Amino acid sequence: MKLSLKKAHLAEMIEHAKHEFPNEACGFLAGKSRKVSKVYRMANTERGGMRFTMALKEQFDAARDMRSQDLDMVGIYHSHPNVRPYPSFRDIQLAMHPECSYVIVSLINGMPEVRSFRIKNSMVEEEEIDAG
Ligand SMILES: [Zn+2]
């Protein structure tokens, strides 16, 4: 498995993560056939701490927008302001979309790092990011 996106998409997720620091940023990646064409920034309704919850209305709005543009949900991203870009125990517990990529943007030590994972039945597998 491989996730394809543009460098601008990576830059947008990193910028979003920095903007939300020290809270976690979160959002959706939409596109076709594992190829991202649009980033949806979502509001994190949780403050302070290693967690995120996306506002429900924004989730519906994003889903409707994807349908209207014939895009699929390709991935779900969030940031780790202070820890490495690997799924936490909670991330794994909450991962309910094996068809989606789980992208994590880490800002640890001021060095942005983005990694992507597939999570199925609590099994985590890293996948390649092809940033063209
Ligand atoms: Zn996490």
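Since the structure is predicted, the reported quantities are computational estimates derived from the model, not experimental observations. As the structure lists them, so they are numbered: ligands from 1, and atoms in each ligand from 1. All heavy atoms count here, side chains included; hydrogens, waters and symmetry mates do not.
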- Message: Closer than 2.8 Å to the Zn ion (ligand 1), what protein N/O/S atoms do you find?
- Response: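 Per the 2.8 Å query on the Zn ion (ligand 1), atoms found are His78 NE2, His80 NE2, Asp91 OD1, Asp91 OD2.
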
- Query: Does Lys120 NZ have over 12 foreign heavy atoms under 6.0 Å away?
  - Reply: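 Atom NZ in Lys120 is not crowded, with 12 or fewer foreign heavy atoms closer than 6.0 Å.
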
- Separation between CG of Asp72 and CZ of Arg67, rounded to the nearest 0.5 Å: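 The CZ atom of Arg67 is 11.5 Å from CG of Asp72, to the nearest 0.5 Å.
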
- Item | Basic-acidic side-chain contact under 4.0 Å: Glu12, Lys7 |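 Not counted as a salt bridge, because no side-chain N and carboxylate O are separated by less than 4.0 Å.
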
- Message: Check this for me: does any side-chain nitrogen of one of Asp130 and Lys35 sit under 4.0 Å from a carboxylate oxygen of the other?
- Response: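 Lys35 and Asp130: not salt-bridged.
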
- Item | Partner of Ser116 by side-chain hydrogen bond (donor to acceptor under 3.5 Å, both in side chains), out of Glu128, Glu127, Glu125, Glu126 |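 Going through the options one by one, the only one that passes is Glu127.
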
- Is it possible for you to say whether Tyr102 and Met54 belong to one hydrophobic cluster, with membership spreading through side-chain heavy-atom contacts below 4.5 Å?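 Same cluster: Tyr102 reaches Met54 through Ile, Leu, Val, Met, Phe, Trp or Tyr contacts under 4.5 Å.
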
